[in-house]
Amino acid sequence: MNEKRVAPEPARMQPSGNGHHDAGEDRLEQARGFSNEGVLIIADEAEFARSVVGRWQMERTVPAFTLMSSDLCQTANLSVHGIAILGPRASRQAIVLSALENAGIPIVIVAADGDAGQIRSLHPRALVLRQADGWLDVLIQMAGEILRRAEVQRYLLRAEQLVAASQRHATLGRYMLEMRHGLNNCLTSVLGNAELLLLEPGMLSAEARDQVHTIHSMAMRMHEVMQRFSSLETEMQFAEKESHSETERVSQVPIPDA
């Protein structure tokens with residue numbers, strides 16, 4: 001079996017206990033959706049891959065699948081996948097597992113009867129599932145939970161990065177506001193001296209007068225920028241007061257008796 005990508009089918013509607021579809025459960029499943037990295041299935045038996053994909057497509061949320069035989073693992077980029085599922089009786093199992101472990105992705109091994117113990121001892125970082133009754137249901141639950149946890153970790157990492165960036169911006173903003181008065185004083189001095197020089201045209205050559213005029217114009221633009229900082233600070237303070245007032249107003253609304 002060569003490499004093959006399988007796009008997920010649309011999620012199937014499953015009725016709730018009362019015979020109606022539960023929209024709340026749908027929203028929960030969407031919020032816990034799988035990563036776009038998808039699932040890598042490595043097997044030399046086509047029936048194994050068909051069984052896994054067919055069973056997973058019965059779920060509400062179905063990831064993308066990549067099907068691959070064991071002889072392609074040495075040249076493939078395995079790290080782009082969210083999880084790898086290795087089928088039983090792979091012809092190059094040791095080489096495949098070494099490549100997967102180097103890729104650093106979670107591994108679930110479906111082992112034939114009698115092989116599970118030996119595989120666990122040789123590859124303690126992999127999850128080993130014995131191919132017994134009900135193994136397909138257990139595999140889908142296990143792999144789905146691994147994908148969901150990986151997705152949550154990515155969201156948390158992204159949130160931490162956004163918080164760190166916001167803190168850097170806030171620090172820069174506070175520093176600029178604190179330095180605003182000092183900059184305004186410097187600009188006032190520059191503007192005052194430039195205006196004094198421009199009031200006495202006989203003291204300067206035409207070229208020097210143009211240069212002083214440029215200094216005055218640039219200083220005026222810098223002054224306008226500083227004024228915008230002051231306006232922004234006032235607007236932010238006003239918005240913060242409005243938000244606090246609204247929060248207090250809502251908190252004081254009496255709650256009707258049930």
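If you read the sequence from its start, that first residue is 1, and numbering goes on from there.
- In this structure, Leu187 and Met226 approach most closely via the heavy-atom pair CD1-CG, 4.0 Å.
- For Met218, the CE atom sits in a packed shell: over 12 heavy atoms of surrounding residues, nucleotides or ligands are nearer than 6.0 Å.
- Distance check, rounded to the nearest 0.5 Å: CD1 of Ile140 to CE of Met58 gives 10.0 Å.
- To the nearest 0.5 Å, the span separating CG on Leu100 from CD1 on Ile107 amounts to 4.5 Å.
- Under a hydrophobic clustering in which Ile, Leu, Val, Met, Phe, Trp and Tyr are joined whenever their side-chain heavy atoms come within less than 4.5 Å, directly or via other members, Val138 and Ile146 fall into the same cluster.
- The closest side-chain heavy-atom distance from Val80 to Leu40 is not below 4.5 Å.
- Here the side chain of Ser189 pairs no donor or acceptor atom with the backbone of Asn185 at under 3.5 angstrom.
- Atom CD in Glu195 sits 3.5 Å away from atom NE2 in His216 (nearest 0.5 Å).
- For the pair Glu207 and Gln211, the minimum side-chain heavy-atom distance is below 4.5 Å.
- By the 4.5 Å heavy-atom criterion applied to side chains, Val212 and Leu198 are counted as neighbours.
- Here the CD1-CG distance, from Ile119 to Leu122, works out to 8.0 Å after rounding to the nearest 0.5 Å.
- The closest side-chain donor-acceptor pair between Ser70 and Asp44 falls under 3.5 angstrom.
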**Asked** Could you go step by step and tell me if Ile109 and Leu97 meet the side-chain contact (heavy atoms from CB on, under 4.5 Å) rule?
**Response** CA-CA 9 Å; Ile109 305 172; Leu97 286 173; 3.5 Å; yes
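- Nearest heavy-atom pair, Gly82 versus Pro106, reported as atom, atom and distance to 0.1 Å: O-CD, 3.3 Å.
- The same ILVMFWY cluster, assembled from side-chain heavy atoms under 4.5 Å apart, contains both Val52 and Leu127.
- The same ILVMFWY cluster, assembled from side-chain heavy atoms under 4.5 Å apart, contains both Val53 and Phe48.
- Put simply, the side chain of Ser121 gets close to the backbone of Gln118: a donor and an acceptor are under 3.5 Å apart.
- Note: Phe65 and Trp56 have perpendicular aromatic rings, judged against thresholds of 30 and 60 degrees for the angle between ring planes.
- Using a 4.5 Å heavy-atom cutoff, the side chains of Arg221 and Val225 are not in contact.
- Across Pro63 and Val39, no two heavy atoms sit closer than the pair CG-CG2, 3.6 Å.
- Two residues are said to be in side-chain contact when any heavy atoms from C-beta on lie closer than 4.5 Å; Val190 and Ile215 meet this criterion.
- A pairwise comparison of heavy atoms in Ile85 and Ala143 identifies CD1-CB, 4.3 Å as the closest pair.
- Other residues, nucleotides and ligands contribute over 12 non-hydrogen atoms within 6.0 Å of the CZ atom of Arg209.
- Judged by distance alone, the side chain of Arg120 and the main-chain N or O of Val128 form a donor-acceptor pair under 3.5 Å.
- Other residues, nucleotides and ligands place no more than 12 heavy atoms under 6.0 Å from the CG atom of Asp133.
- Nearest heavy atom pair, residue Ser51 against residue Leu136, reads O-CD2, 3.8 Å.
- Of the inter-residue distances, the one linking Leu86 atom CG with Leu129 atom CG reads 12.0 Å to the nearest 0.5 angstrom.
- Gln131 approaches Pro88 most closely through the heavy-atom pair OE1-CG, 3.4 Å.
- Residues Ser217 and His213 form a side-chain contact, since some pair of their non-hydrogen atoms from C-beta on lies under 4.5 Å apart.
- Partner of Glu151 under the salt bridge (charged side-chain N to carboxylate O under 4.0 Å, His left out) criterion, out of Arg148, Arg154, Arg149: Arg154 alone.
- Side-chain atoms of Thr188 and His223, non-hydrogen and from C-beta on, never get closer than 4.5 Å to each other.
- The closest side-chain heavy-atom distance from Thr66 to Ile41 is not below 4.5 Å.
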